[in-house]
Asks: 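First, the structure itself, so that you have it in front of you.
We're numbering straight along the sequence, starting at 1. This structure is a prediction, so every number in the text was calculated from the model and none was measured.
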Amino acid sequence: MELFTLTDIIKNSTALYPDNEAFKCNDISVSYKELDIKTNQLAKCLTDLGVKKGDRVGIYLNRCIETSIAIYGILKAGAAYVPLDFTAPHSRTQYLLDNCGIEFLVTSKSQKRRIASLPDDDFSLKGIIGLNQDLPVNRISWDFVFNSNVESFTHPKITEGDLAYVMFTSGSTGDPKGIMHTHGSGLNYAKLSANLYKINSSDRVANHAPINFDISTFGYFSAPLAGASTVIIPDAHTKFPMSLANLMEKEKITIWYSVPLALIQILLSGALDKISLNSLRWVLFGGEVFGLKYLKEFIQRWPNVTFSNVYGPAEVNQCTYYNFNSLSETDAQLPIGKVWDNTEFKILDDNDKEVVKGEKGILVIRSGTMMKGYWNNEELTKTSVYEEEIAPTFSHVYYRTGDLVKLNENEDLIFLGRKDRQIKLRGYRIEIDEIENKILLFDNVIEVAVVLVNNGSEEKELMATVLIKPNTNVLSKEIKKYCQKHLPIYAVPSHIEILESFPRTSSGKVNRKKIEEILEAL
């Protein structure tokens with residue numbers, strides 16, 4: 001069967017692997033055959049509520065089995081799903097509902113208090129799936145959904161160019177920006193990643209990320225494409241490294257994908273000494289830099305595992321990879337590797353001219369996995385692309401990643417930091433990522449965040465926050481002395497604060513704005 005849309009994934013895997021476990025969470029599982037039926041039932045209920053092709057439907061769920069049904073049910077209704085962070089402030093949720101024109105929501109009883117406490121002035125919702133409490137909207141319970149008769153339901157016609165999902169991330173202006181992906185870009189990502197990592201129908205893929213983080217599409221799209229089973233990691237397990245490691249062992253996970261922090265926490269907890277992960281064959285990580293000293297320890301512990309440094313802004317899903325089984329003692333930095341199939345790149349200078357090989361510049365990406373644009377923001381969409389004119393009426397469109405890179409001698413891309421994290425202080429050009437990477441090499445340091453802080457004067461100060469291994473004794477003055485030895489004097493942070501934990505976004509990334517506030521308050 002040839003696949004054109006994301007909904008074809010379930011149709012195809014149901015035909016090939018009807019009894020295979022498609023998704024599992026908290027000992028509740030659903031086969032592909034059951035998933036096909038349940039998603040059809042949800043699609044029918046959504047259309048009965050008034051959802052039309054092209055509508056945006058919000059998903060307001062914690063990590064649970066219903067997330068898989070919600071995603072594919074919404075897509076089968078011809079709508080696009082918009083994952084909402086249930087831990088976010090209500091003001092942000094209301095902003096997304098209004099900005100994206102969301103009139104229908106898929107949720108569950110566990111979220112009823114949050115839903116009820118959303119601002120009720122100018123209440124925009126018209127229908128909610130998953131709740132039956134008293135609210136001024138049409139409501140349908142999950143029990144009603146799963147008892148629906150779908151014999152007369154006709155699926156709307158969907159093409160690869162139709163909108164499939166809108167993923168909101170933090171914007172530079174303070175307002176979230178909605179990244180629009182079509183069925184075509186989402187399916188291209190699923191095909192490329194399933195092929196690259198050789199996913200098969202016997203694999204068990206761990207989905208650690210929440211659905212509002214782009215990494216989650218690997219578990220929700222790539223794994224089902226191959227007929228594999230996706231194990232959705234429950235929220236409680238993500239908070240306790242020992243529990244998370246035990247779940248990996250119990251579920252016989254074969255492919256793991258998360259931000260580096262999740263793995264580092266498991267390592268530092270001592271859990272790896274108490275479990276066996278013989279089934280594991282791939283470990284994928286992305287989102288942030290993975291410290292080499294920890295990677296080398298994982299390689300030593302898991303000699304049969306292949307590791308993959310995954311790179312790609314949410315705007316292009318993924319675009320490069322660096323697969324490895326070993327690292328030399330002289331490796332100073334892990335490459336982000338090579339672009340995968342159906343993808344082209346250029347490295348440009350500030351004048352949009354290609355740099356000489358080996359020189360650094362801004363990475364631009366052209367790929368079948370690229371977004372359609374930013375929701376309701378034509379100006380941002382225009383400024384985010386680089387157009388290479390081929391003819392007066394035809395051009396190649398690239399996404400401007402904003403990331404500084406260069407090619408090494410092996411033709412691998414090396415990530416050099418964000419262009420917007422290259423600062424000028426007291427006349428010196430400073431790479432914040434370079435400072436963080438250097439401090440990360442200090443013994444017992446787990447994580448680093450360097451920020452510019454307003455000290456009350458006209459000039460800002462460079463400061464650092466550091467996390468250290470549990471039960472170790474590291475003083476900030478020792479780290480500063482190390483910085484003075486290994487960094488130019490103008491790049492040494494004026495103050496280094498050791499924190500017990502970092503404030504984070506829902507995806508697990510460091511919340512640097514919150515860290516700035518912490519340091520400004522000192």
Asks: Given the rule in the side chain to side chain contact (heavy atoms under 4.5 Å, CB included) test, do T320 and K338 qualify, once you have shown the distances and angles that lead to the verdict?
Replies: CA-CA 5 Å; T320 77; K338 293 177 169 57; over 6 Å; no
Asks: Decide yes or no for R504 and V510: does some side-chain heavy atom of the first lie under 4.5 Å from some side-chain heavy atom of the second?
Replies: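 The answer is yes; the side chains approach within 4.5 Å.
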Asks: For N309 and P335, work out which heavy atoms get closest and say how close.
Replies: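 Closest pair (atom of N309, atom of P335, distance): ND2-O, 2.9 Å.
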Asks: Just wondering, are more than 12 heavy atoms of other shown residues or ligands nearer than 6.0 Å to NZ in K24?
Replies: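 Counting neighbours around NZ of K24, more than 12 heavy atoms of other residues, nucleotides or ligands fall under 6.0 Å, so yes.
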Asks: Are K382 and E378 ion-paired here, with the side-chain N under 4.0 Å from a carboxylate O?
Replies: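 Counted as a salt bridge, because a side-chain N and a carboxylate O are separated by less than 4.0 Å.
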Asks: For a quick test of reading the model, state the closest non-hydrogen atom pair linking S258 to W256 and the distance between them.
Replies: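 What the structure gives for the nearest pair is OG-NE1, 2.8 Å.
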Asks: Which value, rounded to the nearest 0.5 Å, describes the distance between M242 atom CE and L247 atom CG?
Replies: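 M242 CE to L247 CG: 14.0 Å, rounded to 0.5 Å.
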Asks: Begin with the C-alpha distance, continue with both residues' side-chain angles, and end with the deciding distance and a verdict on salt bridge (charged side-chain N to carboxylate O under 4.0 Å, His left out) for K419 and D350.
Replies: CA-CA 10 Å; K419 184 181 180 182; D350 290 338; 3.6 Å; yes
Asks: Crowded around E389 CD? As in, over 12 foreign heavy atoms under 6.0 Å?
Replies: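 More than 12 within 6.0 Å, yes.
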Asks: Do other residues, nucleotides or ligands put more than 12 heavy atoms under 6.0 Å from the CG atom of N342?
Replies: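 Atom CG in N342 is packed in, count exceeds 12.
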Asks: To the nearest 0.5 Å, what is the distance between CZ on R56 and CE on M180?
Replies: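 Separation between the atoms: 10.0 Å.
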Asks: Under the criterion ring pair (Phe, Tyr, Trp, His ring centres under 6.0 Å), I'd like the reasoning laid out for Y197 against W282: C-alpha separation, chi angles, the key distance, then a yes or no.
Replies: CA-CA 8 Å; Y197 301 111; W282 276 104; 4.9 Å; yes
Asks: Quick one: sort the Y482 and H486 rings into parallel, tilted or perpendicular, breaks at 30° and 60°.
Replies: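 Y482 and H486: tilted rings.
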Asks: Between K372 and E315, is the closest basic N to carboxylate O distance under 4.0 Å?
Replies: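 No, this pair does not count.
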Asks: Are the side chain of D8 and the backbone N or O of F4 linked by a donor-acceptor pair below 3.5 Å?
Replies: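 Yes; judged by distance alone, with no hydrogens or angles, the pair exists.
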Asks: How close do Y321 and V339 get, counting heavy atoms only, and between which atoms?
Replies: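 Between these two residues, the closest heavy atoms are CE2-O, 4.1 Å.
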Asks: Taking S276's backbone N and O only, do any of them form a donor-acceptor pair with E249's side chain (distance below 3.5 Å, no angle check)?
Replies: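 Here the side-chain-to-backbone pair exists.
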Asks: Before giving the answer on side chain to side chain contact (heavy atoms under 4.5 Å, CB included), spell out for I59 and I74 the whole-Å C-alpha distance, their side-chain angles and the decisive distance to 0.1 Å.
Replies: CA-CA 9 Å; I59 301 179; I74 292 169; 3.6 Å; yes
Asks: One thing to verify: whether R512 and E436 come together as a salt bridge, which I'm taking to mean a side-chain N less than 4.0 angstrom from a carboxylate O.
Replies: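 Looking at R512 together with E436, the answer is yes, because their closest N to O distance falls below 4.0 Å.
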Asks: For the pair Y17 and Y32, name the ring-plane relationship: parallel under 30°, tilted 30 to 60°, perpendicular over 60°.
Replies: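 Rings of Y17 and Y32: tilted, as their planes differ by 30° to 60°.
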Asks: Keeping the roles fixed (side chain from T465, backbone from A449), state whether a donor-acceptor pair exists under 3.5 Å.
Replies: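 Checking the backbone N and O of A449 against the side chain of T465, a donor-acceptor pair under 3.5 Å is found.
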Asks: Take R92 and D85, measure what salt bridge (charged side-chain N to carboxylate O under 4.0 Å, His left out) needs, and give me the verdict at the end.
Replies: CA-CA 9 Å; R92 180 184 172 94; D85 179 8; 5.8 Å; no
Asks: Under the 3.5 angstrom rule, does the side chain of E21 hit a backbone N or O of S229 as a donor-acceptor pair?
Replies: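 A pair under 3.5 Å: no.
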Asks: Side chain of N511, backbone of P503: donor and acceptor closer than 3.5 Å?
Replies: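 Such a contact is absent between N511 side chain and P503 backbone.
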Asks: Give every donor-acceptor pair under 3.5 Å between a side-chain atom in residues 355-363 and any protein atom, sequence neighbours left out.
Replies:
unit_1, atom_1, unit_2, atom_2, d
K357, NZ, E411, OE2, 2.1
K360, NZ, E431, OE2, 2.9

Asks: Under 6.0 Å from the NZ atom of K296, do we count more than 12 heavy atoms belonging to anything else shown?
Replies: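 Enclosed.
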Asks: Evaluate whether atom NZ of K293 has more than 12 neighbouring non-hydrogen atoms of other residues, nucleotides or ligands under 6.0 angstrom away.
Replies: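 It does: K293 NZ has more than 12 such atoms within range.
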Asks: Do the side chains of R418 and D403 get close enough for a salt bridge, i.e. N-O under 4.0 angstrom?
Replies: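 The answer is yes: the pair qualifies as a salt bridge.
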Asks: Return yes if some donor-acceptor pair links the side-chain N/O of T383 with the main-chain N/O of E379 below 3.5 Å, else return no.
Replies: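 Yes, T383 side chain to E379 backbone: donor-acceptor pair under 3.5 Å.
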Asks: For the residue pair L267 and F298, establish whether any side-chain heavy-atom pair is separated by less than 4.5 Å.
Replies: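 A side-chain contact exists here, since the closest heavy-atom pair is under 4.5 Å.
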Asks: Counting heavy atoms not belonging to K406, are there more than 12 under 6.0 Å from its NZ?
Replies: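 Counting neighbours around NZ of K406, 12 or fewer heavy atoms of other residues, nucleotides or ligands fall under 6.0 Å, so no.
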Asks: Taking T14 for the side chain and I10 for the main chain, is one N or O donor matched with an acceptor at less than 3.5 Å?
Replies: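 At least one qualifying donor-acceptor pair exists.
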Asks: Under the criterion side chain to side chain contact (heavy atoms under 4.5 Å, CB included), I'd like the reasoning laid out for H396 against I390: C-alpha separation, chi angles, the key distance, then a yes or no.
Replies: CA-CA 7 Å; H396 289 162; I390 305 301; 3.7 Å; yes
Asks: Side-chain contact, heavy-atom cut-off 4.5 Å: T306 with F324?
Replies: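 No; the side chains remain at least 4.5 Å from each other.
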Asks: Within a strict 4.5 Å, meaning less than it, do heavy atoms of the P493 and I435 side chains meet?
Replies: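 A side-chain contact exists here, since the closest heavy-atom pair is under 4.5 Å.
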Asks: If the threshold is 4.0 Å, N to carboxylate O, is there a salt bridge linking K252 and D203?
Replies: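 Judged by the 4.0 Å cut-off on N to carboxylate O distance, K252 and D203 do not form a salt bridge.
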Asks: How far does OG of S193 sit from CH2 of W340, to the nearest 0.5 angstrom?
Replies: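 If I round to the nearest 0.5 Å, the distance is 5.0 Å.
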Asks: Aromatic rings Y165 and F221: how do their planes relate, parallel, tilted or perpendicular, breaks at 30° and 60°?
Replies: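 Ring orientation of Y165 relative to F221: tilted.
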Asks: Are the side chain of N437 and the backbone of D433 linked by a donor-acceptor contact shorter than 3.5 Å?
Replies: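 Flag set: sc N437 to bb D433 pair under 3.5 Å.
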Asks: Ignoring hydrogens and angles, tell me if any N or O in the side chain of S13 forms a donor-acceptor pair with the backbone of P224 under 3.5 Å.
Replies: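 Answer holds: yes.
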Asks: Enumerate the residue pairs fulfilling ring pair (Phe, Tyr, Trp, His ring centres under 6.0 Å) with a member in residues 352-390, sequence neighbours excluded, ordered by first and then second residue.
Replies: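 For residues 352-390: Y386-Y398.
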Asks: Dump the intermediate steps for ring pair (Phe, Tyr, Trp, His ring centres under 6.0 Å) on Y220 and F23, then the final yes or no.
Replies: CA-CA 9 Å; Y220 286 101; F23 289 89; 5.5 Å; yes
Asks: Would you please test R366 and E388 for salt bridge (charged side-chain N to carboxylate O under 4.0 Å, His left out) and show each step?
Replies: CA-CA 10 Å; R366 174 173 169 256; E388 178 188 32; over 6 Å; no
Asks: Measuring from atom CD1 of I179 to atom CE of M370, what distance do you get when rounded to the nearest 0.5 angstrom?
Replies: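 Result: 11.5 Å between the selected atoms.
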Asks: When you look at E434 and K438, which way does the salt bridge (charged side-chain N to carboxylate O under 4.0 Å, His left out) test go after all the steps?
Replies: CA-CA 6 Å; E434 180 184 353; K438 186 61 69 175; over 6 Å; no
Asks: Once rounded to the nearest 0.5 Å, what's the spacing between atom OG1 of T217 and atom CD1 of I211?
Replies: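 If we round to the nearest 0.5 Å, T217:OG1 and I211:CD1 are 11.5 Å apart.
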Asks: Going by atom types only, do E160 and T5 share a side-chain donor-acceptor pair under 3.5 Å?
Replies: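 Checked: E160/T5 side chains show no N/O donor-acceptor pair below 3.5 Å.
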Asks: Answer with yes or no whether the side chains of T369 and N188 bring together a donor and an acceptor at under 3.5 Å.
Replies: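 Result is no, nothing qualifies.
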Asks: State whether the side chain of E497 and the backbone N or O of M463 hold a donor-acceptor pair below 3.5 Å, judged by distance alone.
Replies: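 No; zero donor-acceptor contacts below 3.5 Å.
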Asks: Output the distance between atom OG1 (T7) and atom CD1 (I71), rounded to the nearest 0.5 Å.
Replies: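 If I round to the nearest 0.5 Å, the distance is 13.5 Å.
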